[in-house]
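Worksheet for the structure shown next.
For the single chain, residues carry numbers from 1 onward in sequence order. What's counted below: heavy atoms across the whole structure, side chains too, no hydrogens, waters or symmetry copies.
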Amino acid sequence: MSPDGRVFPVAFDGVAMSEDLVRLGEAPRRSPDSVARSTASADGAVMLAVSHPERPVGMRVIAFGVRHHPRDAHALAVYEIAEQRIHD
């Protein structure tokens, strides 16, 4: 909990999370709960602020994946995946 007691609820987009885990080849091993607790430095999550019925604001995870790939990987970073989802 933050020092001032404010807590912001976070929701995972289940469809997006499933797509991301399959893309990463981790679907059989990881769940949204384990992803939320992930401390792997290469992993990242993109969140959007959303309205919440009981709190001032909530957060929705719209993409999960590798933050930065090697230059020659030709793979999308989590930020690029999130941007595509926002604009689709």
Side-chain angles (χ1 to χ4, degrees):
M1 184 180 297
S2 64
D4 62 358
R6 294 185 186 143
V7 175
F8 298 100
V10 176
F12 288 86
D13 182 320
V15 173
M17 181 64 69
S18 295
E19 289 174 5
D20 293 344
L21 293 177
V22 168
R23 180 179 40 77
L24 294 168
E26 301 185 17
R29 298 187 311 246
R30 300 186 82 174
S31 68
D33 289 339
S34 69
V35 169
R37 294 187 300 268
S38 175
T39 58
S41 62
D43 293 341
V46 176
M47 297 181 227
L48 294 177
V50 296
S51 63
H52 189 276
E54 300 168 3
R55 306 279 182 139
V57 70
M59 302 298 288
R60 177 167 295 279
V61 177
I62 62 164
F64 174 78
V66 177
R67 293 185 292 144
H68 304 286
H69 292 282
R71 287 185 194 264
D72 60 346
H74 304 292
L76 295 175
V78 67
Y79 312 111
E80 295 165 311
I81 294 165
E83 186 173 355
Q84 286 178 352
R85 289 181 177 157
I86 290 169
H87 296 292
D88 282 347

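- Between His87 and Glu83, the shortest heavy-atom contact is CD2-O, 3.0 Å.
- Side-chain contact between Val10 and Val61 is present, with heavy atoms from C-beta onward closer than 4.5 Å.
- How far CZ of Arg85 is from CG of Asp88: 9.0 Å, rounded to the nearest 0.5 Å.
- Residues Ile81 and Asp20 meet the side-chain proximity criterion, which asks for heavy atoms closer than 4.5 Å.
- Between Phe12 and Met47, the closest side-chain pair of non-hydrogen atoms is not below 4.5 Å.
- With rounding to the nearest 0.5 angstrom, the CD atom of Gln84 is 7.5 Å from the CD atom of Glu80.
- In terms of hydrophobic clustering, with Ile, Leu, Val, Met, Phe, Trp and Tyr side chains grouped at heavy-atom distances under 4.5 Å, Met17 and Ile62 are assigned to different clusters.
- Closest approach of Val57 to Ala49, counting heavy atoms only: CG2-CB, 3.9 Å.
- Panel note: side chain His69, backbone His74; no donor-acceptor pair is recorded below 3.5 Å.
- Closest heavy-atom contact between Val46 and Tyr79: CG2-CD2, 4.0 Å.
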Applying side chain to side chain contact (heavy atoms under 4.5 Å, CB included) to Ile86 and Leu48, what does each step give before you reach the verdict? CA-CA 10 Å; Ile86 290 169; Leu48 294 177; 4.1 Å; yes
